[in-house]
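Worksheet for the structure shown next.
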Number of protein chains: 2
Amino acid sequence: MKMSDRKKKILQIVVDEYINTAVPVSSKSIAEKHLTDVSSATVRNELASLEELGYLTQFHTSGGRVPSPQAYRFYIEELMQKGNLSDSDLDYIDRAFADKSHDVEHLIKSVSEVISELTDYTSVAIGPHADAETVRRLSLLPCGDGRALLVIMTSERILRDSFIEIPENMTDEDLDSASRMIGKLFAGKPLSEIRETGEAAIAEFGQYRQVMREVVDALKSYARPREEDVVLTGADKIFNHPEYEDIGNVKNFLTVLSSKDKLADIIEGENDEIQINVKIGSSGDKDVPDDCSVVTATYSAGGKNLGTYGVIGPIRMDYPKVIAVLENVGKALEELAKSRKKEKDKCDHEQEGK
Amino acid sequence: MKMSDRKKKILQIVVDEYINTAVPVSSKSIAEKHLTDVSSATVRNELASLEELGYLTQFHTSGGRVPSPQAYRFYIEELMQKGNLSDSDLDYIDRAFADKSHDVEHLIKSVSEVISELTDYTSVAIGPHADAETVRRLSLLPCGDGRALLVIMTSERILRDSFIEIPENMTDEDLDSASRMIGKLFAGKPLSEIRETGEAAIAEFGQYRQVMREVVDALKSYARPREEDVVLTGADKIFNHPEYEDIGNVKNFLTVLSSKDKLADIIEGENDEIQINVKIGSSGDKDVPDDCSVVTATYSAGGKNLGTYGVIGPIRMDYPKVIAVLENVGKALEELAKSRKKEKDKCDHEQEGK
DNA sequence: TGTTAGCACTTAAAGGTGGAGAGTGCTAAC
DNA sequence: GTTAGCACTCTCCACCTTTAAGTGCTAACA
């Protein structure tokens, strides 16, 4: 059976209507409100046929139709009318990023908050992979209890959460010179490369071999997003959506949210290439609950990854709005990255001139 | 009306029973299971009198009795039989703290997890106030973008989350010497004192006055527990308790949990002196929801505050178990603090000998 | 005076009934 | 291909009845 234009139109109406009202859509309401040139009986025939094609389901014979996951996918690909944000929403985004300090961590948090606030869904954000950033400076600060704090300044931020063990007989001065040597060796290289080639370098690193090994080991923890890099905002937003009036669904949902590790998997997925990625229901992804959709966007500017941000909520999600928000936040982030780059370049230039 | 021994006994039975079953307690069940020497009619008389005294309430005439907040308070003060933990619970605690690294942050997280796991309630933990700790070492690491990372080693841990702005014309060497000077000045002093007297010191700090001001300002943020110092574990545990089958209650509960700032207020309160503190219902505390109890313990060893830990859940809480867990975790923490102190002393001694 | 048996009373919860309303599927006519 | 008409199905709600649980009260008892 072919998808006639009228079928598409009706399917679009059903999805739009259901997204807005959460009430199964009837043939009568379609004929009255949207397709005034045909009767409800005609619509009924089309609905029956759409159901046969797998786009619609009914809970019971007299209950109107509800879109299937397949329908949402089709809707997003072909039918959806891109939403425009209201002026006040656009304003909100602008203001949120206007006076942000330079911190990547804070920025990620802000992005997550903005997305959750504007979409009214739970938002998840993962910052850029430190992995791809290059080392600018590396310091080892003695802690006095056999450990040292490893602080790495990368091209994008400061990593300061790793501790390494240091040999008992090592003095602060030793540590300092080890720190300089290692810093010099790694400067300009991306973390990922250090992790891979680091092993080989350890052998040649006579005196401070053990410290070197600890540093390389510590870098391994940056291969995956760390717990503190996964930001969750607006978990309580689910209560604003009628599908979560059922306690079982709430429980299910919150259980997924409680493991940041799983969340990271859900959000990151394999969306390196696509800009916006939509997972509806359990599209084979074991970690996404059956009754949830996940919409994510991976941002980048000038070849640089700016992180992955998204929304998790019921399948009946306001996709036009969510996608519009993600796109506009993306634009704002790009702008920000650009203006920062300019600033940095200017700054670097000045330093050279000195 | 006086509280006869029998009344007390009956009240205790009602509370115990209700805690365990969550079902209103009837006169018949009491007479049959616990007070076999009197009839249900006698128990009924006593129950009516306890109700008059404000200890019991009924939802409807044929519904059995339920303890009032007042009854729980009386129960905890006078009636409760202290619970003993099972061997496996005790084991669990021991194992959890056996091989913990030195990190205060990790320890707090572990404590919170252990408490939530053993009690089956949502647990909140706030680490010791950095505020009271003394400075051992202070470093300013240049970040290269007009900022510096302020790393402070205190007697207990490493604080590494503050950034300060530095003057444009300041070189890395300048920063380093400023760092040394400020470090020397503050060494051995508690953060709280620096915060208070710091203002005065700024004036005398000629050349590096601006940096000094930034440092003193940054320290102010340690006066209150920071967001990352408030650890929440097992939010989903509430689903294991029947009072949270009602979606409204869940919403209410989760809303409170979503603000770490409010949580900190709830947990910390004014329990500096008491070891274990129980708030039942809204005991005047505006932030605690009416239908919630909060049990907290503030630990200390050798005069040193080890943090405040607790449990938040329904008023019908298993107080004997919760209190037993908090007590035993407290003991374990004390042990840990002691053995660490020994280690540290030994370590310091060796260093002196060198 | 405290305790008890007995009984009437109250209430929630569960189950059944019937009508109203919504929506469909089908058929026959256009 | 479209439509009007109608029988059919199903939910929802209001109402009722029954059942079980538990109480309060009273009168008798030790």
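In what follows, every chain begins at residue 1, and chains take the letters A, B, ... in the order their sequences are listed.
Checking dC30(C) for Watson-Crick or G-U wobble geometry (two distances, each under 3.5 Å) identifies dG1(D) as its partner. Pairing for dG21(C) goes to dC10(D), judged as Watson-Crick or G-U wobble with the two contacts each under 3.5 Å.
Taking the ring centroids of F239(B) and Y244(B), they lie at or beyond the 6.0 Å cut-off. Note: Y319(B) and Y72(B) meet the aromatic proximity criterion, with ring centroids under 6.0 Å apart.
For the pair N45(B) CG and dC29(D) P, the computed distance is 18 Å after rounding to whole Å. The distance from atom NZ of K28(B) to atom P of dG6(C) is 14 Å, rounded to the nearest whole Å. Following rounding to the nearest Å, L50(A) (CG) and dG25(C) (P) show an atom-to-atom distance of 12 Å. Atom CG of L47(A) is separated from atom P of dA22(C) by 18 Å (rounded to the nearest Å). Per the geometry, CD belonging to E46(B) stands 7 Å off P belonging to dT3(C), to the nearest Å. A straight line from CZ of F59(A) to C1' of dT11(D) spans 13 Å, rounded to a whole angstrom. In this structure, CD1 of I30(B) is placed 11 Å from P of dG22(D), rounded to the nearest angstrom. To the nearest angstrom, P of dT3(C) lies 10 Å from NZ of K7(B).
Comparing dT3(D), dA5(C), dG24(D) by their nearest atom to the side chain of S39(B) picks out dA5(C). Side-chain proximity of H60(B) to the nucleotides dG25(C), dA12(C), dT3(D) is greatest for dA12(C). Distances from the side chain of R65(A) to the nucleotides dG22(D), dT3(C), dT24(C) place dT24(C) closest. Residue A41(B) places its side chain closer to dA5(C) than to any other of dT3(D), dA5(C), dT24(C).
Two residues, R6(B) and S29(A), neighbour DNA chain C, and the one matched to the more 5' nucleotide by heavy-atom proximity is R6(B). Nearest-nucleotide mapping onto DNA chain D: of S62(B) and R44(B), the residue sitting toward the 5' end is S62(B).
At the phosphate of dT10(C), neither OP1 nor OP2 sits under 4.0 Å from any side-chain N or O atom of T61(B). Checking the phosphate oxygens (OP1, OP2) of dT4(C), a side-chain nitrogen or oxygen of T42(B) falls inside 4.0 Å.
Within a 6.0 Å sphere centred on CG of N20(B), other residues, nucleotides and ligands contribute more than 12 heavy atoms. Environment of NZ in K260(B): crowded, with over 12 heavy atoms of neighbouring residues, nucleotides or ligands closer than 6.0 Å.
Using a 4.0 Å heavy-atom criterion, one finds that S27(A) contacts the sugar-phosphate atoms exclusively.
For the pair I19(A) and M317(A), the minimum side-chain heavy-atom distance is 4.5 Å or more.
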